[in-house]
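Some notes on the structure that comes next.
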2 protein chains.
Amino acid sequence: MTNSTPRQQARLETEAQITRIGNRMLDADGLEGVSLRAIARELGIVSSAIYRYVKNRNALLTILIRDAFTSIADAVDDALEHDNSVLTVGVTMLAWSRTHPNRWALIYGTPIPDYQAPRDETVVPGTRIMVLLTNLLAEPTVQTSRSQLPPTHALDALREGLQELGLEPDDRVIMASVTVWSAVIGLINALRFGQFGPGVEQVEDELMQGLVSTLGH
Amino acid sequence: MTNSTPRQQARLETEAQITRIGNRMLDADGLEGVSLRAIARELGIVSSAIYRYVKNRNALLTILIRDAFTSIADAVDDALEHDNSVLTVGVTMLAWSRTHPNRWALIYGTPIPDYQAPRDETVVPGTRIMVLLTNLLAEPTVQTSRSQLPPTHALDALREGLQELGLEPDDRVIMASVTVWSAVIGLINALRFGQFGPGVEQVEDELMQGLVSTLGH
DNA sequence: CATTGTCGAGAGCACTGCTCTCTCACATCA
DNA sequence: TGATGTGAGAGAGCAGTGCTCTCGACAATG
């Protein structure tokens with residue numbers, strides 16, 4: 001069935017188990033709870049042996065980050081099949097953040113000290129939602145664009161980034177994407193990180209709805 | 001001159017020195033660089049002696065957080081004296097975040113593991129900008145409020161919070177504040193945390209301008 | 001069969017926050 | 001002045017982290 005030696009098989013299995021345990025620890029105790037020594041302990045392995053399977057802690061974090069980006073982007077993908085709207089993007093991300101608060105913080109919160117995400121491993125899953133959003137905002141809805149745009153060169157870097165992902169948005173769409181993106185993620189961060197004080201947990205969806213509406217979508 | 005004993009004097013001096021070193025370490029190496037042992041070392045003191053002056057690490061963090069909130073709010077205060085606009089709030093916060101990226105992350109990034117900010121020490125400095133913003137948005141500018149508001153009970157918690165701070169905003173103003181706040185902080189987070197990829201460092205102000213403009217202010 | 005490579009064990013390094021006990025100098029007070 | 005008490009610092013120690021190095025046992029491969 002599996003065209004690989006039992007040796008390789010076991011290796012892959014152990015690696016999968018490590019990321020599984022890592023994800024569980026992340027969910028349970030946040031990033032500081034993800035400890036290689038603890039994972040080794042759970043595998044019934046001495047602490048140094050874990051480095052046979054994972055180069056170092058940061059390598060494990062890269063896997064967890066890629067997982068998280070993929071998971072939230074999949075959720076948004078699914079939701080958009082039923083209702084192709086900015087609001088759906090927002091509420092779906094919000095719901096995901098509620099289910100996986102620590103994964104949310106991992107990908108959208110403060111960068112991890114002494115960690116640099118390897119771009120070739122994280123850019124694609126990490127930009128999927130941005131691409132969806134830009135496509136969504138590029139559709140010819142009735143845009144009342146009274147707003148002033150920045151000089152075109154200011155958006156060069158962003159435009160190039162989007163072009164590498166196969167998009168050809170004009171400046172108005174780029175600026176709208178940046179704004180919606182910032183607002184949606186800003187709101188979710190504020191909610192997840194408790195910056196609005198207590199009592200808002202019950203009305204998160206209404207706030208997202210109000211925000212998207214205020215943004216004009 | 002000082003109506004305190006030399007004993008108390010020295011104590012206060014040492015405490016001030018600790019927070020000064022703490023802030024410097026925060027600026028230099030981020031939160032993980034703030035180590036009580038390292039501070040003690042710099043004071044020429046053995047590691048355990050530091051606990052004479054500071055209950056534990058979290059107590060020091062509370063001081064640093066209060067400092068940071070006060071610093072950024074002061075900056076916004078000053079700037080608003082010259083130009084009382086939402087854009088000024090945005091660019092001032094953005095500039096401050098550029099000068100103090102690690103302090104920014106401390107107050108607006110991922111919550112610190114195993115740390116709970118004592119509300120009575122941080123709420124007031126932590127909400128000053130929100131108050132400013134709400135006042136700013138409450139002024140009778142020409143509001144084209146085509147947007148739908150959430151049901152009034154959804155904003156109860158936020159309304160109460162603002163009332164405790166001496167404000168009496170209506171629902172439209174609350175929702176606008178939440179939106180602008182989320183977008184502005186969301187944008188700065190995205191810039192500081194590198195979520196837009198490389199190349200945007202040169203045009204941060206333009207992006208803030210475009211965002212505020214897109215928001216209709 | 002012999003060589004090569006992999007996996008796990010174990011010791012060790014440097015670092016963290018924090019606690020406990022002890023000593024000593026100083027300030028206060030009878 | 002002499003006894004008493006207090007506060008600062010020293011030092012050892014605990015539990016935990018990431019990570020490295022070496023060595024032995026075993027399996028896969030030529």
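Atom set for the values below is all heavy atoms of this structure, side chains included, hydrogens, waters and symmetry mates excluded. A note on names: the letters A, B, ... follow the listed sequences, proteins ahead of strands, and every chain is numbered from 1. Model, not experiment: these values are computed from the prediction.
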In whole angstroms, how far is the C1' atom of C:dA27 from the CD atom of B:Q9? 17 Å
Tell me the interatomic distance from B:I18, atom CD1, to D:dG9, atom C1', rounded to whole angstroms. 13 Å
Any B:Y53 side-chain N or O less than 4.0 Å from OP1/OP2 of D:dG7: no
For a side chain to side chain contact (heavy atoms under 4.5 Å, CB included) check, start with the C-alpha distance between B:L207 and A:L155, then their side-chain angles and the critical distance, and finish with the verdict. CA-CA 8 Å; B:L207 289 179; A:L155 302 180; 3.6 Å; yes
Can you tell me how the ring of A:F196 sits relative to the ring of B:W181, calling it parallel under 30°, perpendicular over 60° and tilted otherwise? tilted
Decide yes or no for B:R192 and B:R98: does some side-chain heavy atom of the first lie under 4.5 Å from some side-chain heavy atom of the second? yes
Give the rounded distance in Å between these two atoms: CD1 of A:I39 and P of D:dC19. 12 Å
Under the side chain to side chain donor-acceptor pair (under 3.5 Å) test against B:E42, which residue among B:Q17, B:R37, B:R24 passes? B:R24
Expected output: side-chain B:T88 to main-chain B:D83 donor-acceptor under 3.5 Å: yes
Roughly how many Å is it from OH in B:Y115 to P in C:dG17, rounded to a whole number? 16 Å
Measure from the side-chain N and O atoms of B:E201 to the backbone N and O of B:G199, and report whether any donor-acceptor pair falls under 3.5 Å. yes
Spacing of A:R11 atom CZ relative to C:dT6 atom P, expressed in whole Å: 9 Å
With a 3.5 Å distance limit and no angle check, can you tell me whether B:N56 reaches the backbone of B:N58 through a side-chain donor-acceptor pair? yes
Measure from CG on B:N58 to P on C:dG17 and round the result to the nearest Å. 11 Å
Taking only heavy atoms on the protein side, list every residue of residues 20-36 of chain A lying under 4.0 Å from any atom of DNA chain C, sorted numerically. none
When only distance counts, do a donor and an acceptor, one from the side chain of A:R37 and one from the base of D:dG18, lie under 3.5 Å apart? yes
With sugar-phosphate taken as primed atoms, P, OP1 and OP2 and all else as base, the protein-contact string of nucleotides 20-30 of chain D at under 4.0 Å (heavy atoms; B, S, -) is BB-----S---
B:D171 with B:R159: basic N within carboxylate O range, under 4.0 Å: yes
Mind calculating the distance between CZ (B:R41) and C1' (C:dA14) to the nearest angstrom? 11 Å
Applying side-chain hydrogen bond (donor to acceptor under 3.5 Å, both in side chains) to A:S182 and A:T179, what does each step give before you reach the verdict? CA-CA 5 Å; A:S182 300; A:T179 304; over 6 Å; no
Would you mind reading off the distance between A:R57 atom CZ and D:dG16 atom P, rounded to a whole angstrom? 16 Å
